[in-house]
Amino acid sequence: MSTLLIRHARVVVTMDEARREIADGGVFARDGVIEAVGPTVSLPATADEVIDARGHVVLPGLVNTHHHFYQTLTRVVPAAQDAELFGWLKTLYPIWARLTPEMVHVSTQTAMAELLLSGCTTSSDHLYLYPNGCRLDDSIEAAREIGMRFHAARGAMSVGESQGGLPPDTVVEDEIAILADTQRLIERWHDASRFAMTRVVVAPCSPFSVSRELMRDAALLAREHGVALHTHLAENDNDIAYTREKFGCTPAEYAEALGWVGRDVWHAHCVKLDAAGIALFATTGTGVAHCPGSNMRLASGIAPIRAMRDAGVPVGLAVDGSASNDSGHLLGEARLALLLQRVAHGPVDGPQAMTAREVLEIATRGGARVLGRDDIGMLAPGMAADLVGVPLDDVGVAGAQHDPVAALFFCHVPKVRFAVVQGRVVVKDGELVTVDLPRLLERHNRLAGELVQG
């Protein structure tokens, strides 16, 4: 058995039921599972691996509930820089049609490296197009090498332009083939056990790229196998207009009619979710992945997160695709979420305020709830040893020692000093230890050039 001891942290932010913040705190774990959290003096004095966390805030690993890893290859493409969602997609679909299995593998590791270095230890990813022999397996295998906890969403598009959809026909798939491959992936990779490192999610892409029949059949498949469901919903005004024109209903009504509500479902964005939709999601426990940076970048709007949380909707944080953000920094995304709700609702001292500790809850416990997990999102005995240490000696937090926890969300934090996933140290002294990052980035940039230039 292997043991891990984190000790002498400036503060350990547990996010447990009591929301304890422990000065001079630490965490002791055995075989990847936390046994004790408390003041350093109360913990065992030795372990197989010891990390001295003096001058650090130790947090539960953050949870990213929506991403498109492959989009790290197409950041800031000039023709798409100033487009809203539909125009942005139409510009990039032909480029993405040139994706290769190698590109999927490398972009997965690049995106995960950025997430790990910014405090994230668990991520979902939504891969919804599979040209040139690409498979979701390429992404799953890459995740296993780098050591991140992964919810791999088998996305799909089946309705091309010739059938009234948004994507070109060259990037859509046959619906029977989609369902068959999704079942194959579940049987090959999905791990339903507690502390699972890999889970598979059923995830047709969006109302404007798949049929009602595929949505319904996908929900039936997911529930037959006991896996979660994920898609995009109510992202911007054009998305709303498409759903009303094609299906004669609101996005929330569309989701409900097709079986896409419940505790096993979460939707990305929901910027334009109306009051009735919020009430439906709250009643059914349907989750939302909040993507503030992407929503701002594409001028989609400000999601009503305050109203969702007040109603009881499960809300997690997400960076979304790295071509619509164009960042994958999860601590930075939390800062955007905090500030954006104040822009939308203010005043900051009123009932509409979003606080630093509330956005931390969204990024940890909230994300765990959205992904249907009871083993991550807090530091407590019996939970996975997923945690990160953020240094307080960086210039970005100088003068912010009065409240070091809030400093992580009001100030700029470039990267974490250490990150642990299931008791395994994957970031040490600010550097990834599971992959050669300089070589990875060199390869990634070469492939990005090839992809965009054709």
Side-chain angles (χ1 to χ4, degrees), residues 17 63 65-66 124 126 151 153 199 201-207 210 212 214-237 239-240 242-244 247-292 295 300-318 337 341 344-345 351-354 358-359 361-374 376-378:
E17 298 302 329
V63 180
T65 57
H66 181 68
S124 176
H126 193 188
H151 284 231
R199 289 187 179 169
V201 179
V202 178
C205 186
S206 60
V210 300
R212 291 173 61 94
L214 179 60
M215 292 292 286
R216 185 179 294 113
D217 290 346
L220 293 172
L221 175 67
R223 290 182 173 124
E224 178 185 348
H225 291 276
V227 302
L229 290 154
H230 180 55
T231 192
H232 298 85
L233 197 75
E235 187 167 352
N236 75 354
D237 289 333
D239 191 2
I240 299 291
Y242 184 96
T243 303
R244 285 194 175 278
F247 309 121
C249 60
T250 68
E253 291 167 343
Y254 170 86
E256 183 179 28
L258 298 174
W260 277 73
V261 292
R263 298 185 186 280
D264 57 349
V265 182
W266 84 101
H267 298 274
H269 300 288
C270 295
V271 175
K272 302 294 181 177
L273 195 66
D274 59 14
I278 291 172
L280 172 67
F281 280 26
T283 300
T284 57
T286 305
V288 170
H290 178 39
C291 311
N295 296 341
S300 298
I302 303 174
I305 298 304
R306 178 77 275 155
M308 291 181 191
R309 282 184 52 85
D310 289 348
V313 176
V315 177
L317 186 65
Q341 286 304 299
H345 300 299
Q352 303 294 345
M354 177 75 73
E358 184 176 9
V359 82
E361 180 175 299
I362 291 170
T364 53
R365 295 174 63 106
R369 183 182 177 194
V370 163
L371 296 185
R373 301 201 67 131
D374 66 355
I376 60 173
M378 71 175 81

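Along the sequence shown, residues carry numbers from 1.
- Minimum interatomic distance between Leu229 and Ala219 (heavy atoms only, all atoms of both residues): CD2-CA, 3.7 Å.
- In this structure the side chain of Met308 never reaches within 4.5 angstrom of the side chain of His290, judged on heavy atoms.
- Applying the side chain to side chain contact (heavy atoms under 4.5 Å, CB included) test between His232 and each of Cys270, Pro204, Cys291, Ser206 identifies Ser206 as the sole match.
- Between atom CG of residue Leu233 and atom NZ of residue Lys272 there is a gap of 13.5 Å, rounded to the nearest 0.5 Å.
- Scanning all heavy atoms of the two residues, the minimum distance from Val313 to Ala282 falls at CG2-N, 3.6 Å.
- Remark: Arg369 pairs with Arg263, Pro314 by the side-chain contact (heavy atoms from CB on, under 4.5 Å) rule, at least two apart or across chains.
- Distance check: Ile362 CD1 to Met354 CE gives 4.0 Å after rounding to the nearest 0.5 Å.
- Remark: Leu317 CG to His66 NE2 distance equals 12.0 Å, nearest 0.5 Å.
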Could you go through the side chain to side chain contact (heavy atoms under 4.5 Å, CB included) check for Asn236 and Val271 one step at a time? CA-CA 6 Å; Asn236 75 354; Val271 175; over 6 Å; no

Check the pair Arg309, Glu361 against side chain to side chain contact (heavy atoms under 4.5 Å, CB included), reporting the backbone distance first and the verdict last. CA-CA 11 Å; Arg309 282 184 52 85; Glu361 180 175 299; 3.1 Å; yes

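- Evaluation of the salt bridge (charged side-chain N to carboxylate O under 4.0 Å, His left out) rule for Asp274 yields no partner, not counting sequence neighbours.
- Among all heavy-atom pairs drawn from Cys205 and Val210, the shortest one is N-CG1, 3.9 Å.
- Checking side-chain atoms of Gln341 against main-chain N and O of Arg306 turns up a donor-acceptor pair under 3.5 Å.
- Considering only residues two or more places apart in sequence or on other chains, Asn295 meets the side chain to side chain donor-acceptor pair (under 3.5 Å) condition with His269.
- Val201 and Ala228 get closest at one heavy-atom pair: CG1-O, 3.4 Å.
- Heavy-atom minimum distance, Ala234 versus Asp239: N-OD2, 3.3 Å.
- Interatomic distance, Ile278 CD1 to Thr286 OG1, rounded to the nearest 0.5 Å: 12.5 Å.
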Give every donor-acceptor pair under 3.5 Å between a side-chain atom in residues 249-260 and any protein atom, sequence neighbours left out.
| from | atom 1 | to | atom 2 | distance (Å) |
| --- | --- | --- | --- | --- |
| Thr250 | OG1 | Glu253 | N | 3.1 |
| Thr250 | OG1 | Glu253 | OE1 | 3.4 |
| Glu253 | OE1 | Thr250 | N | 2.9 |
| Trp260 | NE1 | Met215 | O | 2.8 |

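- Expressed to the nearest 0.5 Å, how far NE2 of His151 lies from NE2 of His126 amounts to 14.5 Å.
- Residue pairs meeting the salt bridge (Lys or Arg N to Asp or Glu O under 4.0 Å) criterion with at least one partner in residues 217-229, sequence neighbours excluded, are Arg223-Asp264.
- Ring geometry for Tyr242 versus Phe247: interplanar angle over 60°, hence perpendicular rather than tilted (30 to 60°).
- Heavy-atom minimum distance, Ala337 versus Val359: CB-CG2, 3.8 Å.
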Check step by step if side chain to side chain contact (heavy atoms under 4.5 Å, CB included) holds for Phe281 and Val315. CA-CA 10 Å; Phe281 280 26; Val315 177; over 6 Å; no

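- For Ser124, there are no side chain to side chain donor-acceptor pair (under 3.5 Å) partners, not counting sequence neighbours.
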